[in-house]
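Heavy atoms only: backbone and side chains are in, while hydrogens, waters and symmetry mates are out. Given the structure is predicted, the values throughout are model-derived calculations rather than measurements. Index from 1, following the sequence.
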Amino acid sequence: MVAVLLGVTFWLRDQPWVLRDPHGLVHHSSLLSYGLGLGSLGLFWPVARQLGQGRQSMGQLLSPGFPTLDQVVLSVLIAGQLLLSGVMIVPEVLRELTPVGVPLDPGASLDLSKAWLLAGVLTLAWLFAFSLARPWKMTFELWVLAETFFLLLAHAWSELQATASALRWGLALWFLAGSALLWSREKLRPWYVRHGGDWLKMEQGIGDFRWLLFLGTVAPVLILTGWVAVLGFAGHSPAGPAADSWFAQIGWVASMVVPLGMIVAGLVGHALREDKAGYIFWAGLVLTVTVAGGYALGVVLAPGMLSPPESVFAVQLGILTLAGWELVWLWSGRWRQAHLQIVQLAITLAALAGVLVPAAMEVIWGAPPWSALVRQASGIAGWLALGLAGASALWVARLWFARSAIHVVGSVATALAILAACAMARGDVQGWRSYHVLTLGWTLAALFLLGTSWAGASATGLGPVFWPAEQRERVVAVLREFFPAAATRRWVEALGLVVVLMALGGAWADPVRPYWSCAATLAISVLYGASAVWTRRPGYVYASGLLLTLVAYLIWQAWLVDHIGIAAWFVLGPEVFDRFVFLQILALAIGSCIWSLVEIHLGRREPPVDLRARFIPYAHAAALAVVQLLAIFILAALLGNIVSLEIMFTARWSGGRC
């Protein structure tokens with residue numbers, strides 16, 4: 001080995017890069033020359049071991065049972081060429097991916113002829129030593145040789161300034177090829193054993209090879225793709241590839257997306273072969289980035305800027321892809337792991353909420369002109385995204401958390417109302433039509449949840465009369481499972497509270513005041529009343545009755561704005577406060593009468609329905625409040641007549657001054 005090193009050094013002293021500079025001995029071309037010399041010598045010893053296996057003394061001499069010097073040198077040469085190729089490719093990658101106009105030192109180019117010759121020599125030496133190597137060492141060296149091969153292929157594109165693109169494609173192809181090798185390893189087993197290999201030891205190196213394959217291919221492809229994406233979204237264009245290169249001709253999007261598609265295909269193949277859910281999970285994430293990022297990058301590198309509608313559409317594409325992937329995953333019936341499916345679903349729902357929640361906030365608090373978020377949210381992609389995300393969420397909840405399905409249904413119903421409001425906002429010049437649609441949608445969502453849960457809890461069979469009894473009972477069982485009473489009531493309460501707050505928000509500026517706000521509040525009052533009848537809870541009775549007083553307050557507020565021109569939460573003064581008190585008395589009296597009639601009707605049923613429990617019935621409490629307020633009202637009017645003062649009351653509702 002020393003003789004080979006000396007001989008190569010003697011030859012190198014006359015080469016131009018060493019002639020006047022001794023440091024040229026560590027030049028990359030010199031290192032390749034040393035590698036060729038040692039690699040050629042390394043071809044001799046594996047052949048000698050193969051020939052000496054039939055002779056005991058020679059076999060013991062050439063194969064002592066521990067790593068020999070030539071085996072160590074071969075391993076060092078294989079790893080060294082990968083390291084040298086990787087270091088030399090960095091400047092070429094930077095030349096392509098540096099933004100246009102940024103100066104960059106091109107650096108020295110790798111001597112490809114020597115590099116390919118060395119790769120061939122080392123591969124032959126490795127093949128001769130194949131059956132004698134340890135499994136882990138053999139799998140590691142196979143990965144290194146293949147990685148070096150694709151690095152050298154990428155180096156060949158340096159003249160066209162397309163090294164990074166070639167590297168992405170090459171590593172993606174190597175990932176597919178290496179994955180196919182792993183998938184078909186059982187077919188290679190007879191050949192390996194026939195050549196003297198120990199298959200049990202070989203299996204121990206499979207896992208190491210898989211990890212090396214992922215780290216050496218998937219990770220660099222994702223990093224290089226992300227680099228280009230960051231440049232594009234920052235408004236910069238990469239310097240390469242050259243216009244006459246194949247990668248430039250197919251376009252940036254295809255050049256970026258196809259290698260990612262290979263990664264997805266390889267991950268799916270690993271899932272099928274190894275029967276592990278983790279590969280499906282990561283394949284879904286990579287596919288989502290490929291679809292959404294590919295669209296966004298295509299817009300940015302057109303060249304152009306990613307407009308707000310296009311940004312929202314890119315997010316919707318990601319939601320569609322990830323939710324669709326989850327549905328296919330669930331439909332397959334394989335690789336079902338709760339934590340992975342829940343994490344993937346959480347990403348989908350978080351992205352969906354990132355679109356719908358700001359859109360709902362703009363409908364509630366904003367005003368035309370609407371942003372791109374509201375306009376784009378209700379497009380076809382928005383409805384499809386909600387449908388697929390809702391279906392996948394319901395399936396996952398049904399599979400792992402059946403009692404949580406009500407939260408999925410409630411969320412979907414809430415989101416449907418938001419999309420409907422966004423759809424109405426397109427031609428809404430004032431903003432109130434979409435506001436009303438959102439209020440109506442959430443009211444209908446609460447009504448749907450309450451009615452469905454009530455039907456499931458009370459009925460013994462649901463469906464057309466011609467259905468068999470078992471099928472009708474099965475429908476009821478499904479409703480009870482998906483709409484448990486306690487959780488459904490929480491949803492009805494929350495939606496009712498939001499609708500009431502929105503009714504208050506439109507008390508002053510709503511052009512149809514007080515009708516729409518009063519109608520929404522009355523609807524929630526009826527819903528709470530229905531909840532009281534269903535659950536026998538007097539708290540809902542009080543909530544329903546008190547909402548009638550809120551209706552009276554909304555009517556008073558509309559009168560203040562329209563007749564006096566005051567927009568305030570509360571106002572005191574003659575002919576103002578007395579009208580407020582009278583409307584409250586009227587609302588309490590109406591509520592008392594309604595609930596008295598309801599309780600009388602429910603008390604006549606068999607068995608009777610009691611809504612009072614240990615509370616004072618709302619009908620009685622409201623009647624007492626009416627009597628007390630009327631007494632105060634009349635006494636204040638009399639006092640004002642006696643002392644000839646106007647104290648907040650003018651007594652106009654009692655017939656004028658007494």
Side-chain angles (χ1 to χ4, degrees), residues 360-368 421 430-440 442-443 446 493-529 539-592 618 621-622 624-626 628-633 636-637 640 645-654:
M361 294 299 100
E362 185 173 351
V363 169
I364 293 173
W365 282 301
Q430 291 183 330
W432 285 104
R433 184 172 60 186
S434 55
Y435 189 89
H436 293 161
V437 169
L438 185 60
T439 306
L440 177 61
W442 283 346
T443 303
E493 292 168 2
L495 288 173
L497 178 61
V498 172
V499 170
V500 169
L501 292 176
M502 292 184 67
L504 281 172
W508 299 293
D510 195 334
V512 292
R513 59 182 179 272
Y515 305 107
W516 191 268
S517 298
C518 291
T521 307
L522 284 173
I524 300 303
S525 175
V526 172
L527 282 177
Y528 284 171
Y540 286 119
V541 179
Y542 273 84
S544 176
L546 292 175
L547 285 177
L548 294 178
T549 64
L550 180 59
V551 171
Y553 173 79
L554 294 173
I555 295 173
W556 180 67
Q557 283 289 336
W559 175 81
L560 283 178
V561 174
D562 294 335
H563 291 81
I564 302 181
I566 297 176
W569 287 104
F570 203 78
V571 178
L572 296 175
E575 297 191 12
V576 176
F577 184 70
D578 55 342
R579 185 181 293 268
F580 168 77
V581 174
F582 174 77
L583 289 173
Q584 294 299 312
I585 291 173
L586 187 61
L588 289 170
I590 293 173
S592 178
Y618 174 78
L624 289 174
V626 167
Q628 297 295 330
L629 287 174
L630 279 175
I632 295 173
F633 190 83
L645 292 174
E646 288 189 350
I647 52 169
M648 283 197 259
F649 296 105
T650 62
R652 292 182 60 181
W653 300 105
S654 61

task: Indicate yes or no: at least one non-hydrogen side-chain atom of F570 is less than 4.5 angstrom from one of F577.
output: yes

field: Euclidean distance, M502 CE relative to L497 CG, rounded to 0.5 Å
entry: 12.0 Å

message: Before we go on, tell me: are the rings of F582 and W556 under 6.0 Å apart, centre to centre?
response: no

task: Using atom types as modelled and distance alone, determine if a side-chain donor or acceptor of S544 lies under 3.5 Å from a backbone N or O of V541.
output: no

Let me check something: any side-chain donor-acceptor pairs from residues 514-523 under 3.5 Å, sequence neighbours excluded? List them with distances.
from : atom 1 : to   : atom 2 : distance (Å)
S517 : OG     : A503 : O      : 3.1
T521 : OG1    : S517 : O      : 2.8

field: Note, V363 side chain near V437 side chain (heavy atom, < 4.5 Å)
entry: no

field: Check: D510 and H436 side chains under 4.5 Å, non-hydrogen atoms
entry: yes

message: Quick one, Q557 and W508 - any side-chain contact, counting heavy atoms below 4.5 Å?
response: yes

field: Any residue meeting salt bridge (Lys or Arg N to Asp or Glu O under 4.0 Å) with E362, in chain and number order, not counting sequence neighbours
entry: none

- prompt: Considering all heavy atoms of both residues, which atom of R513 and which atom of G506 are nearest to each other, and what is their separation?
  reply: CB-O, 4.4 Å

message: Could you check whether any side-chain N or O of Y435 sits under 3.5 Å from a backbone N or O of A421, counting only pairs where one atom can act as donor and the other as acceptor?
response: no

- prompt: Do W442 and L438 have side-chain heavy atoms sitting under 4.5 Å apart?
  reply: yes

message: Less than 4.5 Å apart, side chain to side chain, heavy atoms only: is that true for L629 and L588?
response: yes

- line: Correct closest heavy-atom pair for A543 and Y528 would be CB-CD1, 3.7 Å

query: Just wondering, do L504 and Y553 contact through their side chains at under 4.5 Å, heavy atoms?
result: yes

Beyond-backbone contact of V576 with F580, side-chain heavy atoms, under 4.5 angstrom: no

